[in-house]
Amino acid sequence: MAEQPFHDQLSLEEQAEKLGKQAVSLGLIPSFVVHYFPDTWVFYIPNENQSEALTPEEAYLRLKQLVKQ
């Protein structure tokens, strides 16, 4: 099994943010927003109609899939 680049909540959030910045720089998404709360970060990846709140796990998986393609 491949080793994950994160080992706790904070490192997962940081990796999701890093993937978001990478997706923006590659032109895969127009922007993304992170709301920083003391206990968790909330991610928003806008599309044409709306922007739904994503957990760090959902954001990481969605952004990883975008960047891999």
Side-chain angles (χ1 to χ4, degrees):
M1 189 159 113
E3 185 176 327
Q4 297 298 323
F6 50 86
H7 57 276
D8 61 10
Q9 184 70 23
L10 180 59
S11 60
L12 169 64
E13 293 162 340
E14 290 170 344
Q15 286 299 314
E17 183 179 39
K18 181 179 175 182
L19 284 171
K21 289 178 181 179
Q22 187 177 4
V24 169
S25 71
L26 293 172
L28 301 173
I29 56 175
S31 64
F32 80 104
V33 176
V34 182
H35 288 236
Y36 303 95
F37 296 102
D39 58 341
T40 190
W41 298 1
V42 178
F43 293 80
Y44 294 89
I45 303 170
N47 62 27
E48 293 178 11
N49 300 324
Q50 63 183 0
S51 177
E52 64 182 272
L54 301 172
T55 65
E57 294 84 359
E58 292 169 330
Y60 176 82
L61 292 173
R62 189 172 296 178
L63 291 165
K64 185 172 181 168
Q65 182 181 21
L66 275 174
V67 171
K68 272 183 117 174
Q69 292 177 347

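In this text the structure is predicted, and so the values were computed from the model without any measurement. We're numbering straight along the sequence, starting at 1.
Using a 4.5 Å cut-off between side-chain heavy atoms of Ile, Leu, Val, Met, Phe, Trp and Tyr, with links allowed through other members, Ile45 and Val33 fall into different hydrophobic clusters. Val24 and Leu28 fall within the same hydrophobic cluster, defined by Ile, Leu, Val, Met, Phe, Trp and Tyr side-chain heavy atoms under 4.5 Å apart, directly or through other members. Cluster annotation: Val34 and Val67 are assigned to the same hydrophobic cluster (Ile/Leu/Val/Met/Phe/Trp/Tyr, side-chain heavy-atom contacts under 4.5 Å, transitive). Under the 4.5 Å side-chain heavy-atom criterion for Ile, Leu, Val, Met, Phe, Trp and Tyr, Phe37 and Leu12 are members of distinct hydrophobic clusters.
Taking the side chain to side chain donor-acceptor pair (under 3.5 Å) definition, one finds that Asp8 meets it with Ser11, sequence neighbours left out. Partners of Glu58 according to the side chain to side chain contact (heavy atoms under 4.5 Å, CB included) rule, which considers only residues two or more places apart in sequence or in another chain, are Leu54, Thr55.
Distance check: Glu17 CD to Leu19 CG gives 10.5 Å after rounding to the nearest 0.5 Å. Here the straight-line distance linking atom NZ of Lys18 with atom OH of Tyr60 works out to 10.0 Å at 0.5 Å rounding. Here the CG atom belonging to Leu10 is positioned 10.5 Å from the CD atom belonging to Gln15, to the nearest 0.5 angstrom. Summarising the geometry, atom CG belonging to Leu61 is positioned 11.5 Å from atom CG belonging to Leu66; distances are rounded to the nearest 0.5 Å. The CD atom of Glu57 sits 8.0 Å away from the CD atom of Glu13 when rounded to the nearest 0.5 Å.
Pro56 approaches Ala16 most closely through the heavy-atom pair O-CB, 4.0 Å.
Taking the six-membered ring where tryptophan is involved, the planes of Phe43 and Phe32 are essentially parallel, since the angle between them stays under 30° and well short of 60°.
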Step-by-step side-chain contact (heavy atoms from CB on, under 4.5 Å) determination, Gln9 to Trp41: CA-CA 9 Å; Gln9 184 70 23; Trp41 298 1; over 6 Å; no
